[in-house]
2 protein chains.
Amino acid sequence: MRPDTRLSRLLHVLLHMAQTDTPMTSQQIAGMLGSNAAVVRRIMAGLRDGGYVEAERGHGGGWRISRCTDEITVLDVYRSLGSPDLFAFGFSNPRPLCLIEQSVNATIAGSIETATAAILEQFRTLRLSQIETEVQERMPQCKRSN
Amino acid sequence: MRPDTRLSRLLHVLLHMAQTDTPMTSQQIAGMLGSNAAVVRRIMAGLRDGGYVEAERGHGGGWRISRCTDEITVLDVYRSLGSPDLFAFGFSNPRPLCLIEQSVNATIAGSIETATAAILEQFRTLRLSQIETEVQERMPQCKRSN
DNA sequence: AAGTCATGTAATACCTAAAGTTACACGACC
DNA sequence: GGTCGTGTAACTTTAGGTATTACATGACTT
């Protein structure tokens, strides 16, 4: 199954937006993502509605981040996408009559819930600013000395 | 996207097979799963190759479980499926040049790895016999007294 | 030996949601 | 008014699990 790449794409875009004051157009962002301007507008709509970014139309318009990077968590971004399914597996019959199937479903559901809680807890504590810090550490030596 | 239901289906089938000595045909299993005999043979192929079940052809043939339920873990079943992706999300560019994208990928990968380890650890310790036990607890009162 | 039952497997079509594409309305600036 | 950019709808593409059909192979029954 092709993975859902929207979360990582949004994080990527947000961190670039945090580096500049001039608005970025959907076209520019699409070029950065190797994607399409309409796709960019679509996946950014949630961030706009959540107040994390602002979009302006017309000449000199585009997208700007409207919060500090330590005020946005990965969970915020995930929720802006509508909290899509995290897992690729599940069960087919939500309310089976078979007792065995009920237990299997409960077992699988238990694993999924436990792992979901763990991931969302990571997302909740992970701020954009922390990823920014890691970018600094990833910088080549010649630039780290600045 | 529609979830991968093979793991839960296989667990369901294995527990039914553990309750009887007579072989179950793919057709019977398919009826149980609301599926198709060819689908059953396809998803069971890994279990057969792993020695967890045996298939016999011809009259009186079918599938039989070839181990005790406390000798099979959910992880065994998962691996028999070829260890399919657990997560529905990921990143598009595996080796990006952009430093920011590298950090985002590393962040996402970290969350996925942590959660994967947690799930696989659960799968490793979860035996079919434990699900069987839960089935007993799920039994109606009139039957639990037996 | 023939017929039936069941697995093994290939080929093909279906389903779903993200992703890509196209088109056009709306609004802002020159 | 013309251009630039967002907002959004409609449609196509894509990928993988799932469903369906078909047929070869092997085992048992008579």
Side-chain angles (χ1 to χ4, degrees), chain A residues 1-10 12-13 17 22-50 53-66 78 80-93, chain B residues 1-10 12-13 17 22-49 53-64 66 78 80-93:
Chain A
M1 194 181 294
R2 183 201 285 168
D4 183 343
T5 62
R6 291 177 294 171
L7 180 62
S8 59
R9 282 179 158 184
L10 284 187
H12 182 190
V13 171
M17 287 200 297
T22 65
M24 299 178 66
T25 69
S26 301
Q27 192 60 54
Q28 288 177 310
I29 296 174
M32 213 166 65
L33 298 180
S35 179
N36 186 286
V39 172
V40 171
R41 296 192 193 108
R42 188 155 68 211
I43 69 178
M44 301 264 296
L47 286 178
R48 180 195 57 218
D49 297 343
V53 299
E54 287 166 36
E56 279 174 28
R57 301 201 250 201
H59 230 95
W63 300 85
R64 265 184 312 189
I65 195 168
S66 49
Y78 169 71
S80 296
L81 287 169
S83 305
D85 271 347
L86 293 172
F87 293 93
F89 69 108
F91 29 87
S92 39
N93 199 348
Chain B
M1 197 176 283
R2 184 200 288 167
D4 183 343
T5 63
R6 292 176 295 171
L7 180 62
S8 59
R9 282 179 157 185
L10 284 187
H12 182 191
V13 171
M17 288 200 296
T22 64
M24 300 179 67
T25 68
S26 302
Q27 192 61 55
Q28 288 175 311
I29 296 173
M32 213 165 65
L33 297 180
S35 179
N36 185 287
V39 173
V40 171
R41 297 191 192 108
R42 191 189 303 150
I43 68 178
M44 301 265 295
L47 286 178
R48 180 195 58 219
D49 297 344
V53 299
E54 288 166 36
E56 279 174 26
R57 301 202 248 202
H59 230 96
W63 301 85
R64 265 184 311 189
S66 48
Y78 169 70
S80 296
L81 286 169
S83 304
D85 272 346
L86 294 173
F87 294 92
F89 69 108
F91 29 86
S92 40
N93 199 350

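In what follows, chains carry the letters A, B, and so on, assigned in the order in which the sequence lines appear, proteins first and then strands, with residues in each chain numbered from 1.
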Expressed as a whole number of angstroms, how long is the span from [X]:[atom1] to [N]:[atom2]?
X: Phe87(B); N: dA18(C); atom1: CZ; atom2: C1'; value: 19 Å
X: Leu47(B); N: dT7(C); atom1: CG; atom2: P; value: 14 Å
X: Phe91(A); N: dG17(D); atom1: CZ; atom2: C1'; value: 17 Å
X: Met44(B); N: dT9(C); atom1: CE; atom2: C1'; value: 16 Å
X: Trp63(A); N: dT6(D); atom1: CH2; atom2: P; value: 7 Å
X: Leu7(A); N: dA18(C); atom1: CG; atom2: C1'; value: 14 Å
X: Arg48(A); N: dG7(D); atom1: CZ; atom2: C1'; value: 7 Å
X: Met17(B); N: dT7(C); atom1: CE; atom2: C1'; value: 14 Å

Q) If you look at every strand shown and take non-hydrogen atoms under 4.0 Å, does Met24(A) touch a base, only sugar-phosphate, or nothing? A) sugar-phosphate
Q: Could you pick out which residue, Asp4(A) or Arg41(A), lies toward the 5' side of DNA chain C when each is mapped onto its nearest nucleotide?
A: Asp4(A)
Drop me the distance from [X]'s [atom1] to [Y]'s [atom2], to the nearest 0.5 angstrom.
X: Leu10(A); Y: Met17(A); atom1: CG; atom2: CE; result: 8.5 Å
X: Asn93(B); Y: Arg9(A); atom1: CG; atom2: CZ; result: 9.5 Å
X: Ile43(B); Y: Arg6(B); atom1: CD1; atom2: CZ; result: 8.0 Å

Protein and nucleotides 11-15 of chain C: nitrogen or oxygen contacts under 3.5 angstrom:
from, atom 1, to, atom 2, distance (Å)
dC15(C), O4', Arg2(B), NH2, 3.4

Could you tell me which non-hydrogen atom of [X] sits nearest to which non-hydrogen atom of [Y], and how far apart they are?
X: Ala30(A); Y: Ala37(A); value: CB-N, 3.5 Å
X: Ser66(A); Y: Glu54(A); value: CB-OE2, 3.2 Å
X: Ser92(B); Y: Thr5(A); value: N-CG2, 3.6 Å

Please tell me if the side chains of [X] and [Y] come closer than 4.5 Å, counting only heavy atoms from C-beta onward.
X: Phe91(A); Y: Pro3(B); result: no
X: Met44(A); Y: Ser26(A); result: no
X: Val13(B); Y: Met24(B); result: no

**Q.** Non-neighbouring partners of Glu56(A) that pass side-chain hydrogen bond (donor to acceptor under 3.5 Å, both in side chains), sequence neighbours left out
**A.** Arg64(A)
Q) With sequence neighbours left out, what residues match Ser83(A) under side-chain hydrogen bond (donor to acceptor under 3.5 Å, both in side chains)? A) none
Q) Going by the salt bridge (Lys or Arg N to Asp or Glu O under 4.0 Å) test, which pairs reach into residues 22-50 of chain A, not counting sequence neighbours? A) none
Q. Under 4.0 Å: is that the gap between some side-chain N or O of Thr5(B) and OP1 or OP2 of dT18(D)?
A. yes
Q) Between Arg6(A) and dG20(C), is there a side-chain N or O to OP1/OP2 distance below 4.0 Å? A) no
Q.
Please give me every residue in residues 25-37 of chain B whose heavy atoms get under 4.0 Å of an atom in DNA chain D, ordered by residue number.
A. Gly34(B), Ser35(B), Asn36(B)
Q) Does any residue of residues 55-62 of chain A have a heavy atom under 4.0 Å from DNA chain C, and if so, which ones, in number order? A) Arg57(A), Gly58(A), His59(A)
